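Along the sequence shown, the residues carry numbers beginning at 1. None of these values were measured; they are calculated from a predicted model. Both counts, for ligands and for their atoms, begin at 1 and track the order of listing.
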Amino acid sequence: MRRVKLPSHKTKIVATIGPATNSRKMIKQLIKAGMNVARINFSHGSFEEHARVIEIIREEAQKLDRRVAILADLPGLKIRVGEIKGGYVELKRGEKVILTTKDVEGDETTIPVDYKGFPNLVSKGDIIYLNDGYIVLKVENVRENEVEAVVLSGGKLFSRKGVNIPKAYLPVEAITPKDFEIMKFAIEHGVDAIGLSFVGSVYDVLKAKSFLEKNNAEDVFVIAKIERPDAVRNFDEILNAADGIMIARGDLGVEMPIEQLPILQKKLIRKANMEGKPVITATQMLVSMTTEKVPTRAEVTDVANAILDGTDAVMLSEETAIGKFPIETVEMMGKIAKVTEEYRESFGLSRIREFMEIKKGTIKEAITRSIIDAICTIDIKFILTPTRTGRTARLISRFKPKQWILAFSTNERVCNNLMFSYGVYPFCLEEGFDENDIVRLIKGLGLVESDDMVLMTEGKPIEKTVGTNSIKIFQIA
Ligand SMILES: Nc1ncnc2c1ncn2[C@@H]1O[C@H](COP(=O)(O)OP(=O)(O)O)[C@@H](O)[C@H]1O
Ligand SMILES: C=C(OP(=O)(O)O)C(=O)O
Ligand SMILES: [K+]
Ligand SMILES: [Mg+2]
């Protein structure tokens, strides 16, 4: 008989697959270590590589009986440096470099940039950031096809790293033709979600959504990446239209004054929680583990604080894409989550109070809110929630209850996309299942035993109302 062992933590872990982890062996180990969402960054690698990785993830997850969602992260309008001879160059403070729009191989003196209009975006005296701000340049001269700059802060510059010019207005669409090509590929290969980079306004989200719809893929999640000031300014509308958001601190930390990140993170997470939309906190969470076996105290504290802020998921980028210790990093994240979640209640009550102050909402919102009252009153083992779109499960997840939310849906994609939500464990069932089937299933899996108290949401159509409209609490026989 199949048994289910629930994970030791409810925070979801997103891990980026890259050269360090794109083998079958490593993917298998990542899943075992607790990766819930595999992120494929389409700014790097080839379609062939990505297709192979997607296939391996599906196969290995199935073999291990684990659910893993796949997130295709689009490049967006990010400007990047091109290929560099030998993979990287060392840029030294005080030295001059030429940034050229010509398609050449980069070296110590000349660095290719992949956007033809680049020289038009900068003028003498402007600051250019490379690799999320690790390297800082100052523009000295602008010519037709190249920009001459001096290195203010040096370091190793690897191929394909990002270029940021915070003050520049980019006269291009956030979603590029290349992004639509990638979306097409992603749909054809059955990915569950797309990450929309450099979203500026709600229209970017709507454009992606209508593209998905036209391609019969409206159930593919659109995760809006918040990584430029426009997205912060237009956040409420973006949140409303997107299925989830990512606080993409890498670019955000150079596009805005870096000292604003901590408070911004808290504000955005709070809003996403209120709306019942999953939020991923991303970039540099355990970045020192890219090369070291032990993270810094600051990083461990950062992961814990994001969880206490109310994040649904925490993300790893270079740590798992190119790092020396990808498996150890995922395990470390899981350990931090487990311990931190035990203290969530004592920190989370003020958030719940805020929810209680909302005086208007839908039936689903009212019903899911009443669950908080119930779980404070009775010792409930599980919250059971049949869900067609996943919405009811996400509305319960927003409170970050200490009980697991066992979600039951007939749609694989809906189940996969619940892997972005804190504390939700989805089961995919045959069409037509009822509450007795749910109870039989969880008994059979050894999740409950006689006398356990459970809470179940229900959506029996009545009069004009369909969808979740009641809860019941009962004891297992
Ligand atoms: N599929 C891939 N192939 C090669 N390198 C990759 C891949 N995915 C990620 N990387 C490497 O890992 C680094 C960190 O990943 P990520 O933060 O997703 O990238 P970036 O900040 O460049 O968008 C990338 O800059 C790149 O060097
Ligand atoms: C996640 C991010 O986006 P990317 O790694 O694609 O630049 C980020 O900027 O933090
Ligand atoms: K990207
Ligand atoms: Mg980014």
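- In summary, E146 and R143 engage in a salt bridge, as defined by a charged side-chain N under 4.0 Å from a carboxylate O.
- At a 4.0 Å heavy-atom cut-off, ligand 2 touches M246 through the side chain alone.
- At a threshold of 4.0 Å, the pair K12-D312 does not count as salt-bridged, since none of the basic side-chain nitrogens sits closer than that to a carboxylate oxygen.
- At a threshold of 4.0 Å, the pair D192-R58 counts as salt-bridged, since one of the basic side-chain nitrogens sits closer than that to a carboxylate oxygen.
- No N or O atom of R80 sits closer than 3.5 Å to an N or O atom of ligand 2.
- Salt-bridge annotation for R228 and D251: absent, with no side-chain N of the basic residue lying under 4.0 Å from a carboxylate O of the acidic one.
- For ligand 2 and G250, the ligand atoms under 4.0 Å from any heavy atom of the residue are 8 (C), 9 (O), 10 (O).
- There is no side-chain donor-acceptor pair under 3.5 Å between S421 and R394.
- Nearest protein heavy-atom neighbour of atom 2 (C) of ligand 2: A248 CB, 3.6 Å.
- With respect to atom 3 (O) of ligand 2, the closest heavy atom belonging to the protein is K225 NZ, 2.9 Å.
- Evaluated by nearest non-hydrogen atom to atom 5 (O) of ligand 2, the leading choice among R39, E255, E227, E318 is R39.
- For residue K78, no N/O/S atom approaches the K ion (ligand 3) to within less than 3.4 Å.
- With I247 as reference, V279 is the one residue of V279, T283, L261 to meet the side-chain contact (heavy atoms from CB on, under 4.5 Å) rule.
- The ligand atoms of ligand 2 that sit less than 4.0 angstrom from a heavy atom of R249 are 10 (O).
- Proximity to K78 (heavy-atom distance under 4.0 Å) selects the following atoms of ligand 2: 7 (O).
- For the Mg ion (ligand 4), the nearest N, O or S atom contributed by E227 is named OE1.
- As for D251, its N/O/S atom nearest the Mg ion (ligand 4) is the one called OD2.
- Contact atoms of ligand 2 toward N41: 6 (O) (distance under 4.0 Å to a heavy atom of the residue).
- On a distance-only criterion, D251 and ligand 2 share at least one N/O pair closer than 3.5 Å.
- Residue contacts with ligand 2 include M315, since one of its heavy atoms falls under 4.0 Å from the ligand.
- Residue L252 has no N or O atom closer than 3.5 Å to an N or O atom of ligand 2.
- In summary, E218 and K209 do not engage in a salt bridge, as defined by a charged side-chain N under 4.0 Å from a carboxylate O.
- Checking S197 against K225 by side-chain atom types alone, a donor-acceptor pair falls below 3.5 Å.
- The line from CD of Q29 to CE of M35 is 11.0 Å long, rounded to the nearest 0.5 Å.
- Considering backbone and side-chain atoms together, T283 places an N or O closer than 3.5 Å to an N or O of ligand 2.
- The atom name of the N/O/S atom in D73 closest to the K ion (ligand 3) is OD1.
- Ion pairing of E55 with R52 is absent here, as no side-chain N (NZ or NE/NH1/NH2) approaches a carboxylate O to less than 4.0 Å.
- Using a 4.0 Å cut-off between a side-chain N of Lys or Arg and a carboxylate O of Asp or Glu, R413 and D219 qualify as a salt bridge.
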